Amino acid sequence: MRTRFLILSIASMFSFIACKGQKPDSTQTKTTHMEPAKEERSHYNELTTQEKNVLVNKATDRAFTGEYYLKKDKGVYICRQCNNPLYHSEDKFESHCGWPSFDDEIKGAVKRVADEDGYRIEIICNNCQGHLGHVFEGEGFTDKNIRHCVNTSSIKFIPAAEASKLPPVIVLKK
């Protein structure tokens, strides 16, 4: 038990340190995320306290606790706040960082902005501006050499069998 806790603690510290190591390039735009006005939020999904903390207040799920970080089923991941399709399951990979990782996004679904910390690149839903996580390049995990490190609280998984009910802009990769 102690050994497992120690391993998880070290892995979490490594992930945090690794995530802090990238500076955004000057082409990224800096944005501040403010909660939409109540009337603007009326067409969004109801969120739990944790989901709101992540999507609106830019919090981070604890590593190795989210329901999706090990999920391997076929389907689509959508924004939990606005249902915007974000990622295909075929682009998900195991990075051992404790959060779901993707090496590609659905075209036009995710926006990159400079994080307030000045080091990382934040990724947000291009539709509702909800905080998804951070993107990292040059780590060598996949041939695409990119990792979208996404909070489980910001996404929802739609199985492939149900994905046909999503808006027609979504085409599942074969």
Side-chain angles (χ1 to χ4, degrees), residues 12 15-16 19 24 28-95 97-117 120-136 146-174:
S12 293
S15 295
F16 181 75
C19 291
Q28 302 297 322
T29 58
K30 183 164 182 159
T31 184
T32 55
H33 187 82
M34 296 175 61
E35 184 171 355
K38 192 169 190 163
E39 58 276 1
E40 291 175 17
R41 288 194 49 79
S42 64
H43 63 281
Y44 290 151
N45 298 321
E46 285 292 319
L47 300 174
T48 67
T49 301
Q50 175 63 15
E51 293 163 356
K52 186 175 178 182
N53 259 347
V54 170
L55 282 155
V56 177
N57 300 326
K58 300 184 181 194
T60 301
D61 290 331
R62 284 188 7 243
F64 305 101
T65 62
E67 64 182 303
Y68 299 139
Y69 92 94
L70 292 176
K71 191 165 195 65
K72 296 184 188 313
D73 300 354
K74 298 246 185 246
V76 175
Y77 291 85
I78 65 174
C79 177
R80 201 175 285 264
Q81 180 166 245
C82 72
N83 298 334
N84 183 37
L86 302 168
Y87 300 100
H88 293 288
S89 60
E90 291 84 355
D91 296 315
K92 189 173 182 300
F93 67 97
E94 181 55 56
S95 66
C97 71
W99 292 275
S101 296
F102 302 86
D103 68 356
D104 208 352
E105 74 270 9
I106 293 173
K107 186 174 177 150
V110 177
K111 183 177 179 180
R112 297 178 184 199
V113 295
D115 192 282
E116 292 175 1
D117 68 12
R120 298 176 295 173
I121 302 298
E122 178 186 5
I123 47 177
I124 61 175
C125 173
N126 205 22
N127 183 52
C128 69
Q129 313 308 301
H131 174 74
L132 303 173
H134 294 89
V135 67
F136 304 96
I146 201 156
R147 175 173 59 103
H148 288 239
C149 186
V150 181
N151 290 290
T152 291
S153 296
S154 65
I155 56 178
K156 182 177 177 184
F157 178 74
I158 306 297
E162 297 174 29
S164 62
K165 299 174 189 166
L166 292 173
V169 293
I170 297 310
V171 177
L172 284 176
K173 292 183 178 181
K174 301 291 179 205

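Since the model is a prediction, treat every value here as computed from it, not as a measurement.
- Counting only heavy atoms from C-beta outward, the side chains of E94 and L70 approach each other to under 4.5 Å.
- Residues passing the side-chain hydrogen bond (donor to acceptor under 3.5 Å, both in side chains) test with H148, sequence neighbours excluded: Y87, E105.
- Residues S95 and C149 are not in side-chain contact: their nearest non-hydrogen atoms beyond the backbone lie 4.5 Å or more apart.
- Every residue two or more places apart in sequence or in another chain was checked for a side-chain hydrogen bond (donor to acceptor under 3.5 Å, both in side chains) with S154, and none qualifies.
- Separation of the F64 and Y69 ring centroids falls under the 6.0 Å cut-off.
- The line from NZ of K92 to OH of Y68 is 10.5 Å long, rounded to the nearest 0.5 Å.
- Nearest heavy-atom pair across R147 and S101 is CD-OG, 3.6 Å.
- R120 CZ to I123 CD1: the interatomic distance, rounded to the nearest 0.5 Å, is 11.0 Å.
- With rounding to the nearest 0.5 Å, the separation of OG in S89 from CZ in F157 is 5.5 Å.
- Every residue meeting the side chain to side chain contact (heavy atoms under 4.5 Å, CB included) condition with N127, not counting sequence neighbours, appears here in chain and number order: C82, N84, C125.
- Between H88 and V76, the closest side-chain pair of non-hydrogen atoms falls below 4.5 Å.
- For Q50, the side-chain hydrogen bond (donor to acceptor under 3.5 Å, both in side chains) partners are D61, not counting sequence neighbours.
- Under the 4.5 Å side-chain criterion, counting only non-hydrogen atoms from C-beta, Q81 is in contact with V56.
- Within the 3.5 Å criterion, the main-chain N or O of E51 finds no donor-acceptor partner in the side chain of S153.
- Shown here are the side chain to side chain contact (heavy atoms under 4.5 Å, CB included) partners of E67, two or more places apart in sequence or in another chain: R80, T152.
- Put simply, the side chain of I78 does not reach to within 4.5 Å of the side chain of L86, judged on heavy atoms.
- Closest non-hydrogen pair, R112 versus I121, comes out as CB-CG2, 3.7 Å.
- Ring geometry for F136 versus H134: interplanar angle of 30 to 60°, hence tilted.
- Inter-residue side-chain proximity for I124 and V113 is flagged as met; some heavy-atom pair is nearer than 4.5 Å.
- Under the salt bridge (charged side-chain N to carboxylate O under 4.0 Å, His left out) criterion, K74 pairs with no residue at all, not counting sequence neighbours.
- Listed by first then second residue, pairs satisfying salt bridge (charged side-chain N to carboxylate O under 4.0 Å, His left out) with a partner in residues 150-159 number zero, not counting sequence neighbours.
- Judged purely by atom type and a 3.5 angstrom limit, N126 has no side-chain atom pairing as donor or acceptor with the backbone of K111.
- Contact check for L55 versus C79: side-chain heavy atoms found under the 4.5 Å cut-off.
- Under the side chain to side chain contact (heavy atoms under 4.5 Å, CB included) criterion, T60 pairs with W99, N151, not counting sequence neighbours.
- For the pair Y77/K71, a side-chain contact is recorded, criterion being any heavy-atom separation below 4.5 Å from C-beta on.
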